[in-house]
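A short write-up of the structure that comes next.
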Amino acid sequence: MNRARDEFRFGSPDQRQGLSGSASLGFSGKTGNNESQELAIGLRIRHAAGPFVQTIGAVLDYAESNNRSTKKDVFAIYDANYYFNDKVYGFILGRVQSDGKADELSADQIAAGNTLRDNVKRDAFLGFGPGYRVVNTDDVAWRVQAGIGISYLQYGDDSSVTEETGIVSSRLFYKINDNVFLTNDTDVLKSDTALRANNDFGVNFKISDAMSTRVSYLTEYNESRAIRTDNKLGVSIVFGF
């Protein structure tokens with residue numbers, strides 16, 4: 001639990017040097033009138049060398065119903081921070097999100113008159129800028145950052161848009177006690193094509209020294225989609241290393 005605690009990701013790089021991280025696994029299955037299953041795998045690896053901290057994260061989300069795939073989502077992120085002092089740092093952020101079902105239309109989408117142009121197949125961003133650490137204690141860590149970069153959107157019909165964009169982010173960690181902590185990650189991207197916002201709120205409960213349960217609520221907003229907002233409640237087992 002201590003090795004997976006997120007204040008090291010949100011707070012000062014001198015709190016932990018070297019390699020650390022966590023992995024999560026979630027699975028659900030259903031049989032009977034309908035057969036379905038869903039698998040979610042997450043991984044985060046962090047490496048700190050002096051004032052330079054790098055984090056790589058990835059999530060695979062797959063679901064099928066009656067032997068037909070209904071979801072093929074992949075998300076990956078690279079976050080690098082260089083701390084100039086105990087408050088100010090610079091960041092480089094790269095992220096990509098892929099929807100493996102975006103080149104298909106569901107029955108509901110066809111009935112609503114949607115086309116493949118309404119589905120976002122890939123959503124990518126690469127940017128940089130300054131950041132500021134507002135609070136950094138053992139129980140609370142909060143930092144904010146803002147920058148500019150390049151946005152890439154590819155739609156289900158394989159058309160695409162590449163343009164300049166801005167990003168504003170917030171990273172919050174709060175320790176309730178030795179067995180429970182919560183985190184909240186917020187990112188807002190603005191370009192001429194679309195406003196995109198993600199908010200990932202999670203609570204971790206200790207199971208053992210190596211494992212914890214994470215309950216999360218993810219909200220994704222994208223102006224370029226036919227249905228702009230997606231909400232997802234997740235429960236996973238997290239292994240720290």
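Side chains are part of it too, since the values below use all heavy atoms of this structure and drop only hydrogens, waters and symmetry mates.
The two residues L25 and I41 make their nearest non-hydrogen contact at CD1-CG1, 4.0 Å. Of all the heavy atoms in G100 and D103, the pair that sits closest is O-OD1, 3.6 Å. Listed here is the closest heavy atom pair of D138 and F173: O-CE2, 4.0 Å. Considering every non-hydrogen atom in both D61 and E38, the closest pair reads OD1-OE2, 3.3 Å. Taking each heavy atom of P130 and A146 in turn, the nearest pair found is CD-O, 3.1 Å. Nearest heavy atom pair, residue R214 against residue N204, reads NH1-OD1, 3.0 Å.
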Full working for side-chain hydrogen bond (donor to acceptor under 3.5 Å, both in side chains) between T137 and D139: CA-CA 5 Å; T137 67; D139 296 334; 5.6 Å; no
Test side-chain contact (heavy atoms from CB on, under 4.5 Å) applied to F125 and T165, step by step: CA-CA 9 Å; F125 171 80; T165 186; 3.2 Å; yes
E163 vs K190, salt bridge (Lys or Arg N to Asp or Glu O under 4.0 Å): CA-CA, chis, key distance, verdict: CA-CA 10 Å; E163 58 188 349; K190 182 65 176 73; over 6 Å; no
side-chain contact (heavy atoms from CB on, under 4.5 Å) evaluation trace for L195 with V188: CA-CA 7 Å; L195 172 68; V188 179; 3.7 Å; yes
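Here the straight-line distance linking atom OG of S24 with atom CD1 of I237 works out to 9.5 Å at 0.5 Å rounding. A distance of 6.0 Å separates CZ in R95 from CG in L189, rounded to the nearest 0.5 Å.
No salt bridge links D178 with K206; every basic N to acidic carboxylate O contact stays at or beyond 4.0 Å. Note on E223 versus R196: no salt bridge recorded, every NZ/NE/NH1/NH2 to OD/OE distance being 4.0 Å or above. A salt bridge is defined here as a Lys NZ or Arg NE, NH1 or NH2 lying under 4.0 Å from an Asp or Glu carboxylate O, and D99 with K72 fails to meet this definition. Under the 4.0 Å criterion applied to side-chain N and carboxylate O atoms, R171 and D187 are assigned as salt-bridge partners.
Here the rule is side-chain contact (heavy atoms from CB on, under 4.5 Å) with F205, and of I176, V215, N179 only V215 fits it. When D185, T219, T186 are each tested for a side-chain hydrogen bond (donor to acceptor under 3.5 Å, both in side chains) with N199, only one passes: T186.
The closest donor-acceptor contact from the side chain of K101 to the backbone of S69 lies under 3.5 Å.
Using a 4.5 Å heavy-atom threshold, the side chains of V53 and Y83 count as touching.
No close placement of the Y89 and F84 rings is indicated, their centers lying 6.0 Å or farther apart.
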